[in-house]
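Quick notes on the structure that follows.
Start at 1 and go down the list; that is how both ligands and their atoms are numbered. Atoms considered below: every heavy atom in the structure, side chains included; atoms not considered: hydrogens, waters and symmetry mates.
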Amino acid sequence: MTGPVTGALDAGLLDDVLARAVAVPAISDFPTVDALLDWFSALADDHPSLVRRRRVGTSRLGEPIDMFSIGDGPRPHLLFAGVHPNEPIGFRTLQHLAAELVADPGLRAATNATWHLVPCIDPDGTRLNEGWFGDPADRAAYARGFYRPAPSEQVEWTFPFAYKDAYFDDVIPETQALMRLIDELRPELMVSLHNAELGGVYYYLSEDLPGAIGPLHAVPAALGLPLHTGEPESPALERLAPAVYRAGSTRDEYDYLESLGLDAAAMVGGEGSAAYARRHGTVTLIAELPYWSHPAADDTSETTADYADVVRAKAEALVDLGTTLTGLLDDARADLTLRSPFLRASEAFVPMMTASGTSELVRAGRLPARPATGAEVFSNEEVVRMFRLRFGGMLVRALAAEASAGLATARLHRVHARARALYDGWLADALAVTGLEVLPIERLVGVQYGATLTMSHVLAARGSGLSGLSGESGESGRGGGRR
Ligand SMILES: [Zn+2]
């Protein structure tokens, strides 16, 4: 446990964080990999005494992965973006944070940290999303240009894992780079830059730190963004406060699936970064942000729908989605020649739709009767729309790759046409949802930036409240032994 704690943020610091969060200048797009890395290289060239550049790894396709370190305080902070390459808000957050740290000695002094920034940990995957980065408000372009790696190829979820009947050690090179960094730096604070898609703001914290929740709620409130109070990403998650969850571990997921009587070892993969870094006492923050908000995101009023029925309807729709996409894949399989990332992702995610729907059906059967909230109704419906667009879309891209390379057989062309027609219908359904508000990117960056500064200050206060240790990393009372 954490021992004596004085973690609350004082009012002056909170005011400073909120002022910085709302002052992020207007941003209209996301950078390509080349533009992002060029920007950081120029920053390092322009400020050689402040910004140190170092290669820390190599992507699977041979792209060097660089880290940029700013400041020389004793508190190591590690931030990495592009961890899911379809989630680019963090690219802009790291650019803004780096620019502020370089320009503002007051900010460097106030945090007393060394900031280690990895602008893009998955350049290969990010390049496959660049088609929609120029106009992120366009949901159709986003859907058609979306790419998310198969779980076994995701940086976040390929840390080593051994638990009960599960064993995973197929660690991809990008994750190996992060493991080396985490073990070398032993960060006091780690921020894995993710984002969500549609709804409200929510967070993951690896520890329930006193004094953290209030400021983490205050940041999106100051920016006029709703919290996400609907369905969490997994029923296995522990809710620490509204829209704040304990950072998930694959162990929790395993135990949850096992409790449903399912074959957990076959359903989980690797461990996450937060669980890996816990060995060093590292506190992890993840700030999840949507591109589009909806009035139902934080609607806690009761509806006439029963919650179990809402979950069951989603589960049945996911099983149906899995069955439909499996049929297309089966019809195409004999003629597929390209092991493209889109095909690898489709082959991994399509059966997961059936499995996820099946586990939610079991859960629905065990839920007591109670009314669902507006947020729960909307978020359960939205996840079906999102998965149809994501995984249907990547299957269409896998088939399109065969066609554009001149390799598609007549049968493959027919499967491609069927998949496109189905997908066009799903896209039309999603575009028919009313009430969406496109969120300005600077406000989303403001949340990640403000939340990061909040956690840095909260941890500094905890350090001073303990024994005067100024954040030297290690096991010195940082509550690393929770698990
Ligand atoms: Zn993510």
The test is salt bridge (Lys or Arg N to Asp or Glu O under 4.0 Å); show your working for E207 and R246 and say whether it passes. CA-CA 7 Å; E207 287 184 43; R246 189 183 299 283; over 6 Å; no
May I have the step-by-step check of salt bridge (Lys or Arg N to Asp or Glu O under 4.0 Å) for E258 and K164, ending in yes or no? CA-CA 10 Å; E258 191 179 49; K164 296 185 180 174; 2.8 Å; yes
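A donor-acceptor pair is defined here as one N or O able to donate and one able to accept, closer than 3.5 Å; such a pair exists between the side chain of H217 and the backbone of P242. Checking side-chain atoms of D298 against main-chain N and O of T229 turns up no donor-acceptor pair under 3.5 Å.
The cationic group of R148 does not satisfy the cation-pi geometry with F387, failing either the under 6.0 Å distance to the six-membered ring centre or the 45° limit from the ring axis. Stacking of R279 on the aromatic ring of Y276 is recorded, both the 6.0 Å distance cut-off and the 45° axial limit being met.
Protein N/O/S atoms closer than 2.8 Å to the Zn ion (ligand 1), listed by chain and residue number, are H84 ND1, E87 OE1, E87 OE2, H194 ND1.
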